[in-house]
Asker: 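Supplied in structure tokens, the structure appears directly below.
Index from 1, following the sequence. In listed order, ligands and their atoms are each counted from 1. Heavy-atom basis, side chains included; hydrogens, waters and symmetry copies ignored.
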Amino acid sequence: MSTPLLLEPLTMRAASARNRLWLPPMCMYSVDAEDGVVTDWHVRHYAARALGGFGTVVVEATAVAPGGRLSPRDLGLWDDAQVEGHRRLVEAVHAGGALAGIQLGHGGRKAGTPPWLPTAEGGAARTSTLAGWDLVAPSALAYPGHAVPRALSAAEAHEVADAFASAARRAVEAGYDLIELHGAHGYLIHQFLSPLSNEREDALGGSPEGRRRFALETVRAVRRVLGEGPEGRVLGIRLSATDWVEGGLTGEDTAVLARELVVAGVDVLHISTAGNVPARFPTGPGYQVRFAAQVRQAVAAMTTTGGGSPVVVAVGRIESGAQAEQVLLTGQADAVAVGRYALRDPFAPLRWAHELGVDGWQEAGFPAQYWRGTWA
Ligand SMILES: Cc1cc2nc3c(=O)[nH]c(=O)nc-3n(C[C@H](O)[C@H](O)[C@H](O)COP(=O)(O)O)c2cc1C
């Protein structure tokens, strides 16, 4: 039997993941001390998914500036003192056999909310901006239910791009193999991209080219830090391909953007949707995969600045080995990310290898210590 595509290695610049399954970034809101520093919870949580067989484990949205945290309990990399904890996290992920990635972000107008943990009544608390938070955004337009942000000056916007680069430098020091910029879900980079949240008339707005400028500037600044050649660290970006509303970003806009991002130094395009404005959209199995396919088609003939092929990651209710394999076999993506399913089953990759007929412990990626527990 031939090896499923899902279990084929994935090469990105000098890094090689053992398979094509990603743990996407998922906020844990677990920094009890509110200082952005990695805790034992983070180490255990991410190490478990690495042992579970994921080829690439991407650590949750990590703030590049304190005011950019989505909640006070977010991870950070705005200070050199935060590097040591991330080093511990990277070592734990590597010990489980996975590449270690980190998502760097700034919440913009959606920053400064309480952690989204379950309330006593059940359900997640998603209340508005915490009092006193200095909320910034491309334009002084509030996300419904949140405080009205202050529009960043052009100089301040460049400072935020620099903060992304400084945080990326710290991520490299911590040993991360891959840096993913959070350009999705209505956070700052997405706010600049979308006409629904960017009404600027200076060089950072005013036209599709202007609205793309902040994302591209940030990518170039981070690429310089990561190294330009084939040995440079892997740079990814997560995008919301569509705002799912009339007048917002569309899959076509994102296909154009994706090509410019690859020229600017991006290796990986991780394609999600939504989050910039309230919207209703279908959320069945694989609900976002077609947008990944559209981006993959747009960049298919391109070469990254590292000399390889751009990698496109699909995400969104991919919940079985057969479904994941189908996404790859039909050429819709190069890798798939598995979020909520992996919260209930850290061993999803080993389970899915079994579903696809791979039971040998080495082929499936079982840790040697667990070989007696294989499905065979
Ligand atoms: C608890 C939780 C936290 C999340 N945090 C992030 C995050 O930090 N960054 C991000 O880009 N997406 C985040 N997401 C979105 C997931 O990465 C993923 O795109 C989404 O859950 C859809 O994939 P799934 O259907 O496999 O869960 C989060 C999702 C969940 C459930």
Asker: At a heavy-atom distance under 4.0 Å, which protein residues reach ligand 1? Sort them by chain and number, would you?
Answerer: Pro24, Pro25, Met26, Cys27, Ala61, Gln103, His182, His185, Arg238, Val315, Gly316, Arg317, Val338, Gly339, Arg340
Asker: Return yes if a side-chain donor-acceptor contact under 3.5 Å exists between Thr273 and Trp244, otherwise no.
Answerer: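 A pair is found: one side chain offers a donor N or O, the other an acceptor, under 3.5 Å apart.
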Asker: State yes or no: do Leu77 and Val90 share one hydrophobic cluster built from I, L, V, M, F, W and Y residues joined by side-chain heavy-atom distances below 4.5 Å, directly or via other members?
Answerer: yes
Asker: Examine distances only and state if a side-chain atom of Asn19 and a backbone atom of Glu8 form a donor-acceptor pair shorter than 3.5 Å.
Answerer: no
Asker: State yes or no: do Ile237 and Val172 share one hydrophobic cluster built from I, L, V, M, F, W and Y residues joined by side-chain heavy-atom distances below 4.5 Å, directly or via other members?
Answerer: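 As far as the 4.5 Å side-chain criterion goes, Val172 and Ile237 are connected within one cluster.
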Asker: Less than 3.5 Å apart, any donor N or O on the side chain of Ser194 or Asp243 sitting next to an acceptor on the other?
Answerer: yes
Asker: Determine whether Tyr46 and Glu60 satisfy the following criterion, side-chain contact (heavy atoms from CB on, under 4.5 Å), listing intermediate values before the conclusion.
Answerer: CA-CA 10 Å; Tyr46 291 107; Glu60 67 204 68; 2.6 Å; yes
